[in-house]
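Since the structure is predicted, the reported quantities are computational estimates derived from the model, not experimental observations.
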2 protein chains.
Amino acid sequence: MTATERFQRLKPEKKEKIVATAIDEFARYGFRQASVNRMARLTGIAKGSLFQYFGTKEGLFRFIFDHAVELIRRNLRRVKAETADQDFFERIRSSLLAGVSFIRKHPHIYQIYLKMLFQEDFPFRDEFLQKIRLFSAEYLTPLVEKGMADGDLRPDLDVHLVVFTLDAVMDRFLQAHCVPFLDGNAGLFQAPPERVEKQVGDLVDFLRRGLGAEQPSGRR
Amino acid sequence: MTATERFQRLKPEKKEKIVATAIDEFARYGFRQASVNRMARLTGIAKGSLFQYFGTKEGLFRFIFDHAVELIRRNLRRVKAETADQDFFERIRSSLLAGVSFIRKHPHIYQIYLKMLFQEDFPFRDEFLQKIRLFSAEYLTPLVEKGMADGDLRPDLDVHLVVFTLDAVMDRFLQAHCVPFLDGNAGLFQAPPERVEKQVGDLVDFLRRGLGAEQPSGRR
DNA sequence: CTATAAGATGACCACCTGGTCATTTTGTGG
DNA sequence: CCACAAAATGACCAGGTGGTCATCTTATAG
């Protein structure tokens, strides 16, 4: 990969400051419009040093990108494991709440994610889009397949269509939490935790009504 | 509004060339990264002239923006009127097909739309997001309300949630048609018309199964 | 054909960018 | 305290930006 040993040798405090500032910068401005000069000013580190650490702006972004991917991967794995014994719709509920929680903790990473979706001038965008598909395939697909096998989901549904729909609805829910006017007048935008809890509940109940088997194994 | 009389006085041919080039440029590069120099080179018109016509880069974008909004508005109105007598799900089907058709005809406008969703450095972005909400409220909401009143939709569903879900699924369907790897392995990306026809049909059938009343007034 | 107004033009400006590298500062072992 | 290496620095560069405006070209009217 790109050589960042020089950067890795820095004091943790300095490293964190650089990472935080860079994430912020890329989240706010995308790739092309992000300014290494500004990052240098904000971190108090000479521009030359930043280029010594990462080679190029793209190298710096590569590092941030990998960092973010790893964070997301860990989160998905964790949620998947923690909810393994739950009912299908309960898992969807947990996934949505985990998504909101992740965004709360790492808003700038999510902002970068949203920008990369439709902004072609990001480096590694193809890799990024492939990873998204992989995440969806590795996370949602097996979840749906298990849901059908367990009888939580109506047996007449096409797995791919369920995955596609869930992906769309869940993504949109998270987007509406971050972008004004993308909610359906439902006050999703920057809703406080207790309101989110109810919104997620309502949405999942709605999904259950459309996708759930009539008499599932569980109660409710 | 911003003064564009100077531009309006030009020969239609010249006007169209400018509009087409500008739409292309903003679609490819967003706002900040779009270059008036490049547009001048591509149209063969002096940069100074472009600034005489539109005042600023923002003025030029304002014109393109209004132009695009008007196009979309007309399209929505037309589809809504043309499908007024159809069954609810038939209308959704028609809307999706009309969406794909619009994107085929105006791919760059749709690209600008996608970029504006998450790129904050566009001028008029708040206005844009409000318009989106308005379109959704004026288009999808009454459609769903009529669908429920007509008994096409299950009566126990919450209108807002149906609108939210449809919005999410339909938007995602169109996005998947334009961005690779956003489809659920379903080959939506840049699918040819006949494939789109089938995909839309499958999706709508799927939606009908989840949202439709058991015994609607019509056949099928 | 001329006088005048309207329009087109591109050199120019200040500013910002990613990236370089000679120079200075700092850290370390003896 | 020194010597030497490693790290930090910011002036500098070429190239691009949005925007201006004196100058030139064109069209029109008398």
Side-chain angles (χ1 to χ4, degrees), chain A residues 2-19 21-65 115 119-124, chain B residues 2-19 21-65 115 119-124:
Chain A
T2 48
T4 58
E5 317 95 15
R6 187 88 174 260
F7 169 74
Q8 299 294 358
R9 258 180 259 138
L10 296 176
K11 282 192 281 184
E13 187 194 324
K14 202 168 180 177
K15 289 203 292 187
E16 281 157 28
K17 190 165 196 172
I18 292 175
V19 169
T21 306
I23 288 179
D24 199 353
E25 179 78 11
F26 286 123
R28 226 195 278 276
Y29 299 103
F31 179 73
R32 295 292 277 267
Q33 203 63 27
S35 158
V36 181
N37 286 326
R38 211 183 289 130
M39 294 190 235
R41 204 186 320 129
L42 289 174
T43 54
I45 294 168
K47 175 163 64 153
S49 298
L50 291 177
F51 277 98
Q52 302 256 25
Y53 302 154
F54 299 102
T56 61
K57 182 161 87 159
E58 186 170 308
L60 170 52
F61 182 71
R62 173 87 243 179
F63 183 82
I64 297 298
F65 180 74
K115 282 194 158 63
Q119 216 167 326
E120 295 87 355
D121 68 357
F122 271 99
F124 329 122
Chain B
T2 48
T4 58
E5 317 95 17
R6 187 85 175 263
F7 169 75
Q8 299 293 358
R9 260 180 258 138
L10 295 176
K11 282 192 280 185
E13 188 193 323
K14 202 169 182 177
K15 289 204 292 186
E16 280 157 28
K17 190 166 197 173
I18 292 175
V19 168
T21 306
I23 288 179
D24 199 353
E25 179 77 12
F26 286 123
R28 227 195 277 277
Y29 300 103
F31 180 73
R32 295 294 276 265
Q33 203 64 26
S35 159
V36 181
N37 286 323
R38 210 182 290 129
M39 294 189 233
R41 204 187 319 130
L42 289 173
T43 53
I45 294 168
K47 176 162 64 152
S49 298
L50 291 176
F51 277 97
Q52 303 255 26
Y53 302 153
F54 300 103
T56 62
K57 181 161 88 158
E58 188 170 307
L60 169 52
F61 182 72
R62 173 87 243 178
F63 183 81
I64 297 298
F65 180 73
K115 282 195 158 64
Q119 216 166 323
E120 294 88 355
D121 67 357
F122 272 98
F124 329 121

Return the value, rounded to whole Å, for the distance between atom CZ of A:Arg9 and atom P of C:dG27. 16 Å
Tell me the interatomic distance from B:Met39, atom CE, to C:dA8, atom P, rounded to whole angstroms. 18 Å
Could you tell me whether A:Lys57 sits above the aromatic face of A:Phe31, with NZ or CZ closer than 6.0 angstrom to the six-membered ring centre and within 45 degrees of the axis? yes
Can you tell me how far P of D:dG19 sits from CG of B:Leu50, to the nearest Å? 12 Å
Flag the pair B:Leu50 / B:Leu60 as yes when at least one side-chain heavy-atom distance between them is below 4.5 Å, and no otherwise. no
Let me know the distance between NZ of B:Lys14 and P of C:dG7, rounded to the nearest Å. 11 Å
Ring centres of A:Phe26 and A:Phe122 under 6.0 Å apart? no
Using a 4.5 Å cut-off on heavy atoms from C-beta on, say whether the side chain of B:Lys15 contacts that of B:Gln8. yes
Phosphate OP1/OP2 of C:dA8: any B:Tyr53 side-chain N/O under 4.0 Å: yes
For B:Ile45 and D:dG19, what is the distance between atoms CD1 and P respectively, to the nearest whole Å? 17 Å
Could you check how far CZ of B:Phe54 sits from P of D:dG19, rounded to whole Å? 13 Å
Does B:Arg38 have more than 12 heavy atoms from other residues, nucleotides or ligands lying within 6.0 Å of its CZ? yes
Atom pairs under 3.5 Å, N or O on each side, protein against nucleotides 17-21 of chain C: can you list them with distances?
residue, atom, partner, partner atom, Å
C:dT17, OP1, A:Ser35, OG, 3.0
C:dT17, OP2, A:Asn37, ND2, 3.1
C:dG18, OP1, A:Ala34, O, 2.7
C:dG18, OP1, A:Lys57, NZ, 2.8
C:dG18, OP2, A:Val36, N, 3.0
C:dG18, N7, A:Lys47, NZ, 3.4
C:dG19, OP2, A:Lys57, N, 2.7
C:dG19, N7, A:Lys47, NZ, 3.2
C:dG19, O6, A:Lys47, NZ, 2.5

Please work out whether the ring planes of A:Phe54 and A:Phe7 are parallel, tilted or perpendicular, with thresholds of 30° and 60°. tilted
Roughly how many Å is it from NZ in A:Lys11 to P in C:dT26, rounded to a whole number? 13 Å
B:Glu5 CD to C:dA6 C1', in whole Å, measures 14 Å
Reckon A:Leu10 touches a base, only the sugar-phosphate, or nothing at all at heavy-atom distances under 4.0 Å? sugar-phosphate
